[in-house]
*Asks:* 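Structure below; questions to follow.
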Amino acid sequence: MNASLVTDPARPTVGVLALQGDVREHVAALQRCGADPVLVRRPAELAAVDALVLPGGESTAISKLLEVFELLEPLRARLRDGMPAYGSCAGMILLASEVLDTRPDARHLSGIDMTVRRNAFGRQVDSFETDLDFAGLDDGPVRAVFIRAPWVERVGDGVQVLATVPSGPSAGRVVAVRQGHVLATSFHPEVTGDLRVHRMFVGMVRAAVAEVG
């Protein structure tokens, strides 16, 4: 992360990629967790943030829009330089180093060394909720909402598995991971009112900002 971008570690500036998807919900959660959220649609806006959230939505549409708005390569560069990022659902797909069952022209960011299967749990009608044990979070299980969600089929060295599906036909599938300052979940914590995942991420951002400062 570029030292010139560092803001107040206590209240970091966290961008939300605002090309498509559930942007508003992430903005509200970040505000409640003590960050200053801003919308990111242009390279100059990306350059001004300490971290970035990639929201749920349609991953192939977002990947195309990253190219249209000339954000793809700047975002890859920021991730290589250590910018913290969090991706939920489609955001997890975008952060992967390899994506299965996607379009051949889809782009990804290689923010986490992992292979992700797109729409792994099925169609919209197969959306579901369950309770997850989530490593690093206190106060009981996390209620997770899965909507046309991916899962992680492979993690590389240095990738920490934070949560897996506890039961049912998808038991054991990996649905939350972290590598360094980058976090990803298959599910949508921004829609449940449970702020613990966002608090974890804002804490990661504060730690990264403090390291640079």
Side-chain angles (χ1 to χ4, degrees), residues 1-19 21-23 25-56 62 66 71-97 108-114 116 134-137 152 155-163 175-190 195-213:
M1 189 163 58
N2 189 328
S4 64
L5 302 177
V6 171
T7 60
D8 179 2
R11 195 167 185 90
T13 300
V14 179
V16 179
L17 186 66
L19 303 180
D22 54 345
V23 173
E25 293 86 349
H26 280 290
V27 167
L30 290 166
Q31 286 176 327
R32 293 175 64 191
C33 291
D36 284 330
V38 298
L39 302 184
V40 171
R41 297 188 183 93
R42 301 291 181 184
E45 295 164 345
L46 175 64
V49 300
D50 298 311
L52 186 71
V53 170
L54 294 90
I62 296 173
L66 284 172
L71 276 168
L72 182 64
E73 292 306 325
L75 181 47
R76 284 174 171 166
R78 287 294 314 270
L79 289 167
R80 286 195 299 269
D81 289 343
M83 179 187 68
Y86 166 49
S88 65
C89 198
M92 169 184 267
I93 297 168
L94 291 165
L95 286 171
S97 55
H108 51 86
L109 300 166
S110 297
I112 296 178
D113 181 10
M114 64 179 173
V116 168
F134 197 111
L137 296 183
V152 180
V155 295
D157 294 339
V159 178
Q160 180 186 6
V161 173
L162 301 177
V175 292
V177 294
R178 175 180 177 177
Q179 184 173 19
H181 296 309
V182 184
L183 176 69
T185 64
S186 300
F187 56 92
H188 292 265
E190 71 279 5
L195 297 174
R196 286 178 291 168
V197 173
H198 286 84
R199 285 197 187 105
M200 169 183 275
F201 178 60
V202 172
M204 291 165 56
V205 179
R206 289 185 178 121
V209 170
E211 287 174 10
V212 176

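For this chain, numbers begin at 1 and follow the sequence in order.
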*Asks:* Less than 4.0 angstrom from a charged side-chain N to a carboxylate O is my criterion; do Glu45 and Arg42 meet it?
*Replies:*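 Salt bridge: no.
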*Asks:* Using modelled atom types only, decide if a donor and an acceptor are shared between the side chain of Arg76 and the backbone of Leu71 within a distance under 3.5 Å.
*Replies:*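 Between the backbone of Leu71 and the side chain of Arg76 there is no qualifying donor-acceptor contact (under 3.5 Å).
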*Asks:* State, with a plain yes or no, whether a side-chain heavy atom of Val159 is found less than 4.5 Å away from one of Val152.
*Replies:*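 Result no, sub-4.5 Å side-chain heavy-atom pair not found.
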*Asks:* Return the minimal non-hydrogen interatomic distance between His26 and Pro55, and the atom names on each side.
*Replies:*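 Closest heavy-atom pair between His26 and Pro55: CD2-CB, 3.6 Å.
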*Asks:* Do the non-hydrogen side-chain atoms of Leu30 and Val53 ever get within less than 4.5 Å of each other?
*Replies:*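 Side-chain contact under 4.5 Å: yes.
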*Asks:* Arg32 and side-chain contact (heavy atoms from CB on, under 4.5 Å): which partner among Leu195, Val27, Val202?
*Replies:*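 Looking at Leu195, Val27, Val202, the match for Arg32 under the side-chain contact (heavy atoms from CB on, under 4.5 Å) is Leu195.
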*Asks:* If I compare all heavy atoms of Ile112 with all of Ala184, which pair ends up nearest, and what's the gap?
*Replies:*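 Result for this residue pair: CD1-CB, 3.9 Å.
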*Asks:* Strictly distance-based, threshold 3.5 Å: is any side-chain N or O of Gln31 a donor or acceptor partner for the main-chain N or O of Pro37?
*Replies:*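 Not a single qualifying donor-acceptor pair exists.
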*Asks:* Do Pro84 and Phe201 have side-chain heavy atoms sitting under 4.5 Å apart?
*Replies:*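 A side-chain contact exists here, since the closest heavy-atom pair is under 4.5 Å.
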*Asks:* Nearest 0.5 angstrom please: Arg206 CZ to Cys33 SG, how far?
*Replies:*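 That separation rounds to 8.0 Å.
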*Asks:* Any side-chain heavy atom of Val14 sitting closer than 4.5 Å to one from Asp36?
*Replies:*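 Sidechains of Asp36 and Val14: no contact.
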*Asks:* Keeping Thr185 on the side-chain end and Ala176 on the backbone end, is there a donor-acceptor pair under 3.5 Å?
*Replies:*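 A pair under 3.5 Å: no.
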*Asks:* Is any side-chain heavy atom of Val16 less than 4.5 Å from a side-chain heavy atom of Leu52?
*Replies:*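 They are not in side-chain contact.
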*Asks:* State, yes or no, whether a side-chain contact exists between Asp157 and Asp113 at a heavy-atom distance under 4.5 Å.
*Replies:*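 No, every pair of side-chain atoms sits at 4.5 Å or beyond.
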*Asks:* Would you name the heavy atoms of Gly111 and Leu79 that are closest together and state the gap between them?
*Replies:*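 Answer, listing the atom of Gly111 first, then Leu79: CA-CD1, 4.3 Å.
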*Asks:* Just by distance, do the side chain of Arg78 and the backbone of Leu46 share a donor-acceptor pair under 3.5 Å?
*Replies:*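 Yes.
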*Asks:* Given Arg178 and Met204, is the side chain to side chain contact (heavy atoms under 4.5 Å, CB included) satisfied, shown in steps?
*Replies:* CA-CA 10 Å; Arg178 175 180 177 177; Met204 291 165 56; 3.5 Å; yes
*Asks:* Could you tell me the separation between the NE2 atom of His188 and the OG atom of Ser88, rounded to the nearest 0.5 Å?
*Replies:*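 Rounded to the nearest 0.5 Å, the NE2-OG separation comes out at 5.5 Å.
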*Asks:* Would you please classify the geometry between the His198 ring and the Tyr86 ring as parallel, tilted or perpendicular, with 30° and 60° separating the classes?
*Replies:*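 Rings of Tyr86 and His198: perpendicular, as their planes differ by over 60°.
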*Asks:* Quick one: CG on Leu94 to CG on Leu75, what's the gap to the nearest 0.5 Å?
*Replies:*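 Those atoms lie 8.5 Å apart.
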*Asks:* Going by heavy atoms in the side chains, are Val49 and Val40 under 4.5 Å from each other?
*Replies:*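 They are in side-chain contact.
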*Asks:* Are any non-hydrogen side-chain atoms of Ile93 and His108 less than 4.5 angstrom apart?
*Replies:*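 Not touching, per the 4.5 Å side-chain cut-off.
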*Asks:* Report the C-alpha separation of Leu137 and Leu162 in whole Å, then their side-chain angles, then the decisive distance to 0.1 Å, and conclude whether the side chain to side chain contact (heavy atoms under 4.5 Å, CB included) test is met.
*Replies:* CA-CA 9 Å; Leu137 296 183; Leu162 301 177; over 6 Å; no
*Asks:* Mind listing the closest non-hydrogen atom pair of Gly34 and Pro12 along with its distance?
*Replies:*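 For Gly34 and Pro12, the tightest heavy-atom pair comes out as O-CD, 4.3 Å.
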*Asks:* Check Met83 against Asp50 and note the closest heavy-atom contact, atom names and distance.
*Replies:*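 Taking every non-hydrogen atom into account, CG-O, 3.6 Å.
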*Asks:* What are the two closest non-hydrogen atoms of Met92 and Val116, and how far apart are they?
*Replies:*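 Distance-wise, the nearest heavy atoms are CG-CG2, 4.1 Å.
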